[in-house]
A.B. asks: 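Structure in structure tokens, see below.
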Amino acid sequence: MLWIGTSFKMTKTRAEAAEYAARLRYGVGENGIPGVQPFLIPPATAIADVAALLDGSPVLVGAQNAHWEDSGAWTGEISVPQVADAGADIVEIGHSERREHFAETDATVALKVRATLRHGLIPLVCCGESAEVFAGGGSTEHVLAQVGAALDGLDDTSRVLIAYEPVWAIGEHGREPRPEEIAGVHQALRDEWGDRVAAVLYGGSVNRANAEALLRVPGVDGLFIGRAAWDVENLLTILANAPTAVTT
Ligand SMILES: O=C[C@H](O)COP(=O)(O)O
């Protein structure tokens with residue numbers, strides 16, 4: 001199964017997210033795309049609207065973050081039961097933007113993975129090295145350490161999604177990777193975790209032009225897309241072309 005989806009990050013109003021979700025539902029169709037699991041991760045304000053619009057469709061809905069405690073005096077936070085109540089199936093954890101700007105650490109990532117699994121949701125665990133680590137040749141070691149910290153000690157990680165998102169490739173300051181630049185980390189993730197997790201996705205400057213080549217990298221089981229997918233037609237094109245990309 002190829003997992004392909006987007007996070008809106010801090011973009012889109014509720015109305016914009018709803019319009020997007022409705023178009024995505026129509027474009028994906030009620031039976032979906034064979035071999036592809038689409039997902040959409042809106043801002044927290046739009047989870048309930050988007051989940052209602054996609055209810056019964058093949059598209060899964062996620063939250064961009066959730067706290068590890070179920071409830072309590074954690075002003076500004078939202079718990080896993082709360083995002084589940086809003087209709088989320090997936091919880092994104094440890095994105096590099098949260099690690100950089102919101103003090104997310106390997107320890108908090110591990111707590112959030114456990115909370116997500118405890119409540120029956122799907123953790124989407126993000127990992128990825130900085131430009132400095134990449135330049136120094138330490139990418140694989142860094143990423144395996146991050147994933148190990150997030151998942152080691154868990155009996156069952158079969159519902160977990162890993163997203164390898166090199167920091168140097170993400171966002172408007174990132175650059176598109178050449179497939180061979182991400183191949184080593186993906187091979188290592190497949191060797192170490194391939195039998196124990198649901199899928200390993202690639203994310204960072206994915207777009208309509210490079211999606212198929214990135215999907216063909218061994219060890220890539222899907223794509224986690226930011227900017228390019230905020231136009232729903234781009235995501236629909238990438239979803240539609242994905243099955244052929246991996247069979248040709
Ligand atoms: O969550 C998605 C990733 O951070 C990738 O973002 P991007 O496709 O805009 O580089």
A.B. asks: Is the side chain of Thr157 donor-acceptor paired with the backbone N or O of Arg196 at a distance under 3.5 Å, no angle test?
C.D. replies: yes
A.B. asks: Looking only at side-chain N and O atoms, does His95 offer a donor or acceptor that is under 3.5 Å from a partner on Glu165?
C.D. replies: yes
A.B. asks: If I take atom CG from residue Leu154 and atom CZ from residue Arg159, how far apart are they, to the nearest 0.5 angstrom?
C.D. replies: 10.5 Å
A.B. asks: Establish whether Val59 and Ile47 are linked, either directly or via other cluster members, by ILVMFWY side-chain heavy-atom contacts under 4.5 Å.
C.D. replies: yes
A.B. asks: Taking all non-hydrogen atoms of both residues into account, name the closest pair between Arg25 and Gly56 and its distance.
C.D. replies: NH2-C, 3.8 Å
A.B. asks: I'd like to know if the side chain of Glu129 pairs up with that of Trp168 as donor and acceptor (distance under 3.5 Å, no hydrogens or angles considered).
C.D. replies: yes
A.B. asks: Ignoring hydrogens, what is the shortest heavy-atom contact between Lys9 and Pro43? Give both atom names and the distance.
C.D. replies: O-CB, 4.1 Å
A.B. asks: Decide yes or no on side chain to side chain contact (heavy atoms under 4.5 Å, CB included) for Leu239 and Leu24, but give the supporting numbers first.
C.D. replies: CA-CA 10 Å; Leu239 289 168; Leu24 182 62; 4.0 Å; yes
A.B. asks: Flag the pair Glu233 / Arg23 as yes when at least one side-chain heavy-atom distance between them is below 4.5 Å, and no otherwise.
C.D. replies: yes
A.B. asks: How about Ile90 and Thr116: do any of their side-chain heavy atoms sit closer than 4.5 Å?
C.D. replies: no
A.B. asks: What are the two closest heavy atoms between Ser158 and Asp156, and how far apart are they?
C.D. replies: OG-OD1, 2.6 Å
A.B. asks: For Glu77, I'd like to know if atom CD has over 12 heavy atoms of other residues, nucleotides or ligands within 6.0 Å.
C.D. replies: yes
A.B. asks: I'd like to check Leu189 versus Leu144 (side-chain heavy atoms, cut-off strictly below 4.5 Å). Are they in contact?
C.D. replies: yes
A.B. asks: Any chance you could measure Asn65, atom CG, to Ile41, atom CD1, to the nearest 0.5 Å?
C.D. replies: 11.0 Å
A.B. asks: Using a 6.0 Å distance limit plus a 45 degree cone around the ring axis, check whether Arg98 lies over the aromatic ring of Phe102.
C.D. replies: yes
A.B. asks: By the definition side-chain contact (heavy atoms from CB on, under 4.5 Å), identify the one residue from Val50, Asp231, Leu53, Leu40 that meets it with Tyr20.
C.D. replies: Leu40
A.B. asks: Can you hop from Leu161 to Leu214 via hydrophobic side chains spaced under 4.5 Å?
C.D. replies: no
A.B. asks: Examine distances only and state if a side-chain atom of Asn234 and a backbone atom of Ala228 form a donor-acceptor pair shorter than 3.5 Å.
C.D. replies: yes
A.B. asks: Return yes if some donor-acceptor pair links the side-chain N/O of Ser205 with the main-chain N/O of Ala169 below 3.5 Å, else return no.
C.D. replies: yes
A.B. asks: Donor-acceptor pair, distance only, cut-off 3.5 Å: does the side chain of Arg216 make one with the backbone of Ala245?
C.D. replies: yes
A.B. asks: Does this structure show an ion pair linking Asp195 with Arg190, if we count only N-O contacts that are shorter than 4.0 Å?
C.D. replies: no
A.B. asks: Is the distance between the ring centroids of Tyr164 and Phe224 under 6.0 Å?
C.D. replies: no
A.B. asks: Pairing donors with acceptors under 3.5 angstrom, does anything connect the side chains of Glu104 and Thr108?
C.D. replies: yes
A.B. asks: Looking only at atom types and distance, does a side-chain atom of Arg14 sit under 3.5 Å from a main-chain N or O of Ala46, one as donor and one as acceptor?
C.D. replies: no
A.B. asks: In Å, rounded to the nearest 0.5 Å, how long is the span from CD of Gln37 to CD1 of Ile4?
C.D. replies: 10.5 Å
A.B. asks: Do Val91 and Ile122 come close enough that some side-chain heavy atom pair is under 4.5 Å?
C.D. replies: no
A.B. asks: Do Leu121 and Leu111 land in one hydrophobic cluster if side-chain heavy atoms of ILVMFWY residues count as linked below 4.5 Å?
C.D. replies: no
A.B. asks: Determine whether Val160 and Val125 make a side-chain contact, defined as any pair of heavy atoms from C-beta on separated by less than 4.5 Å.
C.D. replies: yes
A.B. asks: Mark yes or no for whether Asp221, through its side chain, and Tyr202, through its backbone, hold a donor-acceptor pair below 3.5 Å.
C.D. replies: no
A.B. asks: Ignoring hydrogens and angles, state whether a donor on the side chain of Asn207 or Glu176 is under 3.5 Å from an acceptor on the partner side chain.
C.D. replies: yes
A.B. asks: Specify the closest pair of heavy atoms between Arg114 and Asp152, including all atoms of both residues, with the distance to one decimal.
C.D. replies: NH2-O, 2.8 Å
A.B. asks: Hey, does the Lys NZ or Arg CZ of Arg227 hover above the aromatic six-ring of Trp230, less than 6.0 Å from the centre and inside 45° of the axis?
C.D. replies: no
A.B. asks: Quick check: closest heavy atoms across Ser139 and Val185, and the distance to 0.1 Å?
C.D. replies: CB-CG2, 3.7 Å
A.B. asks: Taking only Lys NZ, Arg NE, NH1 and NH2, and the carboxylate oxygens of Asp or Glu, determine whether Glu212 and Arg208 approach each other closer than 4.0 Å.
C.D. replies: no
A.B. asks: Is there a side-chain contact between Val113 and Leu151 in this structure, where contact means two heavy atoms from C-beta onward sitting under 4.5 Å apart?
C.D. replies: yes
A.B. asks: Indicate the ring-plane relationship of Trp3 and Phe39, choosing parallel, tilted or perpendicular according to the 30° and 60° boundaries.
C.D. replies: tilted
A.B. asks: Look only at the side chain of Asp89 and the backbone of Val61, and say whether a donor-acceptor pair between them is shorter than 3.5 Å.
C.D. replies: yes
A.B. asks: State whether the number of non-hydrogen atoms from other residues, nucleotides or ligands found under 6.0 Å of Glu172 atom CD is greater than 12.
C.D. replies: no
A.B. asks: Checking side chain to side chain contact (heavy atoms under 4.5 Å, CB included) for the pair Ser96/Ile170: CA distance, chi angles, key distance, verdict?
C.D. replies: CA-CA 9 Å; Ser96 62; Ile170 292 176; 3.5 Å; yes
A.B. asks: Are Glu181 and Arg175 close enough, and set up right, to give a salt bridge (Lys or Arg N to Asp or Glu O under 4.0 Å), and what steps lead you there?
C.D. replies: CA-CA 12 Å; Glu181 290 179 306; Arg175 68 163 178 87; 2.7 Å; yes
A.B. asks: Below 4.5 Å, heavy atoms only, C-beta onward: do Ser7 and Glu92 meet side chain to side chain?
C.D. replies: yes
A.B. asks: Locate the shortest heavy-atom distance separating Ala44 from Ile78; write the atom from each residue and the value.
C.D. replies: CB-CD1, 3.7 Å
A.B. asks: If I take atom CD1 from residue Ile162 and atom CD from residue Gln146, how far apart are they, to the nearest 0.5 angstrom?
C.D. replies: 11.0 Å
A.B. asks: Would you say that His186 contacts Val200 through its side chain, given a criterion of any heavy-atom pair below 4.5 Å between the two side chains?
C.D. replies: yes
A.B. asks: Linking I/L/V/M/F/W/Y whenever their side-chain heavy atoms sit closer than 4.5 Å, directly or via other members, would Ile93 and Trp68 fall into one cluster?
C.D. replies: no
A.B. asks: Are Ile182 and Ile238 co-members of a hydrophobic cluster defined by side-chain heavy atoms under 4.5 Å apart?
C.D. replies: yes
